There are 2 protein chains.
Amino acid sequence: MDRFVSNFTNRLDSKGRVSIPAPFRAVLARDGFEGLYVHPGLDAPALDAGGNALLAEINALLETLSPYSEERDFLSTALLGTSEILKVDPEGRVTFSDALKAHAGITDTVTFVGHGHKFQVWEPERFRAHLDEARARVRELKKNLGRSGANGSPVRSATSLSPGASGA
Amino acid sequence: MDRFVSNFTNRLDSKGRVSIPAPFRAVLARDGFEGLYVHPGLDAPALDAGGNALLAEINALLETLSPYSEERDFLSTALLGTSEILKVDPEGRVTFSDALKAHAGITDTVTFVGHGHKFQVWEPERFRAHLDEARARVRELKKNLGRSGANGSPVRSATSLSPGASGA
DNA sequence: CTTGATTCCATTGACGCCCAAGATATCCCA
DNA sequence: TGGGATATCTTGGGCGTCAATGGAATCAAG
């Protein structure tokens with residue numbers, strides 16, 4: 001597989017090292033990026049991490065803004081300016097900087113969360129809360145999709161989100 | 001036969017392994033996906049499982065949202081973040097993670113329920129209850145349909161609720 | 001020389017893979 | 001049509017491999 005999926009929780013050892021989940025390492029290896037590209041989440045207390053795919057997305061996003069524009073400068077500062085390229089040791093472990101750990105509230109345990117082309121790093125407790133909210137929001141979203149489905153096509157989307165036909 | 005139909009109940013062994021029903025395995029093999037893609041149902045205490053067909057549906061849904069949008073993040077968190085790609089052993093068995101089992105209330109027995117392009121995994125008792133309610137609702141729906149005329153879509157629901165009868 | 005960082009090595013436990021057997025349904029043939 | 005042989009499927013268990021983790025050793029830099 002070439003996408004980050006699922007979530008894993010690992011512990012930091014006394015030196016602050018933590019193993020990148022093996023499935024994620026496999027994706028990174030396939031991606032061909034040396035090391036791990038990481039930046040603090042823009043709005044969430046989490047870290048965004050990945051390889052070339054993530055970099056490409058960030059660049060694409062910046063490209064959409066005119067050069068020298070204020071927005072682009074801000075975005076560039078927030079994304080590129082705070083990014084770090086972490087080294088991965090032979091066992092597949094990385095060490096997050098204090099700045100990164102502070103941003104995500106990480107202490108001795110972290111949860112890696114797959115997001116397709118990238119993955120996030122959360123403090124486990126915070127992730128649980130975030131997941132609860134995400135589920136609630138998606139349920140809302142699904143309802144709306146189901147309603148608009150009467151016009152003909154979006155019905156498929158609604159289908160994918162409704163486990164049981166009735167939702168009961 | 002390229003769709004998941006009917007339902008089967010199997011037992012977990014002492015290692016937590018359970019056989020995917022042979023007919024479902026055949027569909028998966030035809031689908032060409034390595035392993036089994038699984039994610040917790042958003043509303044129901046059940047698991048959604050499948051192969052490329054299910055994955056494609058989820059990806060298509062995500063594609064409709066712009067990167068870095070809040071909606072996409074939530075959707076990605078709820079779907080990709082909680083999905084797992086389970087390995088299927090040579091005998092056609094899988095092992096559900098604790099998180100998945102907890103979500104569906106699975107202990108030592110599971111019921112696989114065909115839903116066309118995907119299938120669900122339920123704790124047998126809960127499925128019975130779900131089926132009862134689904135049937136009741138369909139009866140309700142039929143009455144209203146007969147009265148007010150067709151609005152178009154709910155028919156699908158009826159199909160997915162009669163495992164053995166229709167699709168086979 | 002001291003301190004921090006990186007690499008190497010060892011342990012533990014989980015997971016995947018192999019082989020085996022019981023049970024059931026299917027098919028063939030008398 | 002009945003009986004037996006056969007194939008398939010589910011379930012059970014043993015074993016090897018790999019991943020996560022902890023600690024020691026080596027290297028670099030101040």
Side-chain angles (χ1 to χ4, degrees), chain A residues 1 4-30 33-36 38 49 84-101 106-114 119 121-124 127, chain B residues 1 4-30 33-38 49 83-102 106-114 119 121-124 127 163-164 168:
Chain A
M1 184 50 55
F4 299 104
V5 290
S6 188
N7 67 85
F8 307 86
T9 300
N10 290 337
R11 290 193 355 230
L12 278 70
D13 65 19
S14 56
K15 297 185 194 173
R17 298 175 300 186
V18 62
S19 292
I20 299 173
F24 286 11
R25 287 208 299 269
V27 177
L28 288 170
R30 200 170 174 291
F33 188 75
E34 266 302 308
L36 181 66
V38 185
E84 300 185 20
I85 296 178
L86 304 182
K87 291 183 181 176
V88 181
D89 81 6
E91 280 74 37
R93 293 177 286 195
V94 293
T95 302
F96 296 114
S97 69
D98 289 339
L100 292 175
K101 285 194 282 190
I106 291 169
T107 57
D108 64 345
T109 312
V110 297
T111 297
F112 298 85
V113 185
F119 63 88
V121 182
W122 287 78
E123 188 282 320
F127 174 65
Chain B
M1 162 91 74
F4 299 105
V5 184
S6 187
N7 67 85
F8 309 85
T9 300
N10 289 336
R11 281 185 43 197
L12 278 69
D13 65 18
S14 57
K15 290 187 186 177
R17 298 174 300 188
V18 62
S19 291
I20 299 173
F24 286 10
R25 287 208 299 270
V27 177
L28 287 171
R30 201 166 175 293
F33 187 74
E34 267 301 308
L36 180 67
Y37 188 89
V38 185
S83 293
E84 302 188 18
I85 296 177
L86 305 182
K87 304 214 167 173
V88 180
D89 79 7
E91 282 74 36
R93 292 175 288 193
V94 293
T95 302
F96 295 114
S97 70
D98 290 339
L100 293 176
K101 284 193 283 191
I106 292 169
T107 57
D108 64 346
T109 312
V110 297
T111 297
F112 297 85
V113 185
F119 63 87
V121 181
W122 287 79
E123 189 281 322
F127 175 64

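Remember, predicted model here, so these are calculated numbers, not experimental data. Side-chain atoms are counted along with the backbone in the values below, which use heavy atoms only and exclude waters and symmetry mates. Throughout, protein chains are lettered first and strands after them, A, B, ... in sequence-line order, and every chain is numbered starting at 1.
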Over 60° means perpendicular and under 30° means parallel, so tell me whether Trp122(B) and Phe127(B) are parallel, tilted or perpendicular.
tilted
May I have the distance from Ile20(A) (atom CD1) to dT21(D) (atom P), rounded to whole angstrom?
12 Å
Parallel, tilted or perpendicular: which one describes the rings of Phe4(A) and Phe24(A), with boundaries at 30° and 60°?
perpendicular
In whole angstrom, what separates Glu34(A)'s CD from dT6(C)'s P?
14 Å
Distance check needed: dG4(C) C1' versus Asp98(A) CG, whole Å only.
14 Å
Between C1' of dT10(D) and CZ of Phe24(B), the distance in whole Å
15 Å
Let me know the distance between CG of Asn10(A) and P of dA14(C), rounded to the nearest Å.
14 Å
Candidates dT10(D), dG13(D), dT11(D) - which lies nearest the side chain of Arg11(B)
dT11(D)
Which is true for Leu86(B) with a 4.0 Å heavy-atom rule: it touches a base, it touches only sugar-phosphate, or it touches nothing?
nothing
Residue Lys15(B), side-chain atoms from C-beta onward, closest of dT11(D), dG13(D), dA20(D)
dG13(D)
From CG of Asp89(A) over to P of dG22(D), roughly how many Å is that when rounded to an integer?
13 Å
Contact under 4.0 Å: Arg25(B) side-chain N or O vs dT10(D) OP1/OP2:
yes
Nearest to the side chain of Arg17(A), heavy atoms from C-beta on, is which of dT7(C), dC19(C), dG16(C)?
dT7(C)
Can you name the closest pair of heavy atoms from Leu12(B) and Lys101(B) and give their distance?
CD2-CD, 4.3 Å
Ignoring the backbone of Pro90(A), work out which of dC8(C), dT10(D), dT21(D) is nearest its side chain.
dC8(C)
Phe112(A) and its side-chain contact (heavy atoms from CB on, under 4.5 Å) partner, picked from Asn7(A), Thr9(A), Val121(A)
Val121(A)
Write down the distance between CZ (Phe8(A)) and P (dA14(C)), rounded to a whole number of angstrom.
16 Å
Would you find a donor on one side and an acceptor on the other, under 3.5 Å apart, between the side chain of Asn10(A) and the backbone of Ser19(A)?
yes
Closest approach to the side chain of Glu91(A), judged atom by atom: which nucleotide of dT11(D), dG23(D), dT21(D) is it?
dT21(D)
5'-most by nearest nucleotide on DNA chain D - Arg93(A) or Ala22(B):
Ala22(B)
Check the distance between dA21(C)'s C1' and Asp13(B)'s CG and give it to me in whole angstrom.
14 Å
